[in-house]
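Below is one structure, written out as structure tokens, with a few remarks after it.
Quick caveat: nothing in here was measured; it's all calculated off a predicted structure. Each residue takes its place number in the sequence, starting with 1. We use all heavy atoms of the structure for the numbers below, so side chains are in, but hydrogens, waters and symmetry mates are not. Just so you know, ligand 1 is whichever comes first in the structure, and atom 1 is the first atom listed for that ligand.
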Amino acid sequence: MNYYNDKTIVYLNGEFVKANEAKMDLYSQSLHYGYSVFEGIRSYKTTQGATKIFKAKEHYDRLEQSALAVNMPYHWTTAQLIEATYETLKRNDLQNAYIRPVVFAPANMSFVKNNESFIVIEVWEMQPFLGEKLLRIMTSSFERPNPKAFKIHAKATGHYVNSLMASHEAKARGFDEALLLDMNGYVAEGPGANVFYEKEGKLFTPSPGNILPGITRSTVLEICEELNIPVEVKLFTVDELKTADAVFYCGTAAEVIGWESLDDTIFPKPWKETVSRTIQEAYKNKVVEKQFKSTLEIA
Ligand code: PMP
């Protein structure tokens, strides 16, 4: 995938510079210890034609919370970074884009806290992260990190080695993606997405604590409220998940994407007939600010 070319502009520490001329320090603590925090955001061309960053404030607020959670100095405001992001999109002539801000550390091989941090905002065009076909998922042999060993709610880069390992394992075995459990054996989340399951018209999603509580997950909960779809937030096991009518992953990059199967279990309800599909449609409409009229009949 081409993330940038000769013309691509990034926002780097207050300036707009060419991606292929931008530099970072190879002695950065971020490179050596996986010590940085980041966001994954999307912008969309709305039905009115404008460029709109979806849930921009929520994402940049989370970036700040992630930085503070892992003791990184953070000296930007959400408003300032949202403005810089719109400008970066404009300079790259992009409306439908994936936006990746990263806050990173200076050169430092010690374990002493830093006095400064740096920021880059990169933008590129990206299709749905997990594709658009129903997914074949494998229960991973990797667990999500123990929240007592890590600030699990922080979107910190080092953390993603766990996601990569789980995803590599699933793909090596011929699956599309992994599902990770928490340290107590409950269903947690995907390597880069939250999970919901549907049973008899009701949705279920894991409680926070051992997951990254995603912004898309909150949006799905909002949609459920708007459409009067019953939803319950609770811990559940893989065995329970395998009794679902339908399951989906959701995340900024993945959007809302259904599952075909988990390990050997195929989910029985045709995707077209699921409430989950209605959520997928509602989400697609919401991000482009299009009115959504549900045809769903709630029992
Ligand atoms: N869980 C993990 C581990 C993730 O990396 C992501 C993607 N940020 C999500 C869940 C979904 O979060 P969001 O909806 O905020 O993108």
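- Proximity of F118 to P106: side-chain heavy atoms (C-beta onward) are separated by under 4.5 Å at one or more points.
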Hey, what polar pairs (N/O, under 3.5 Å) does ligand 1 make with protein?
unit_1   : atom_1 : unit_2 : atom_2 : d
ligand 1 : 1 (N)  : E189   : OE1    : 2.6
ligand 1 : 5 (O)  : K155   : NZ     : 3.4
ligand 1 : 5 (O)  : Y160   : OH     : 2.4
ligand 1 : 8 (N)  : K155   : NZ     : 2.7
ligand 1 : 14 (O) : I215   : N      : 3.2
ligand 1 : 14 (O) : T216   : N      : 2.8
ligand 1 : 14 (O) : T216   : OG1    : 2.5
ligand 1 : 15 (O) : R62    : NH1    : 2.9
ligand 1 : 15 (O) : R62    : NH2    : 2.9
ligand 1 : 15 (O) : I215   : N      : 2.7
ligand 1 : 16 (O) : T252   : N      : 3.0
ligand 1 : 16 (O) : T252   : OG1    : 2.6

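- Taking Y4 as the reference, nothing meets the ring pair (Phe, Tyr, Trp, His ring centres under 6.0 Å) condition, with sequence neighbours excluded.
- Between Y33 and F111, the gap from one ring centroid to the other is short of 6.0 Å.
- Of the possible polar contacts, one joining the S43 side chain to the A97 backbone as a donor-acceptor pair under 3.5 Å is found.
- Residues Y283 and F54 bring their aromatic ring centres within 6.0 Å.
- When the options Y186, Y197, F204 are evaluated for a ring-ring contact (aromatic ring centres under 6.0 Å, His included) with F236, the one that passes is Y197.
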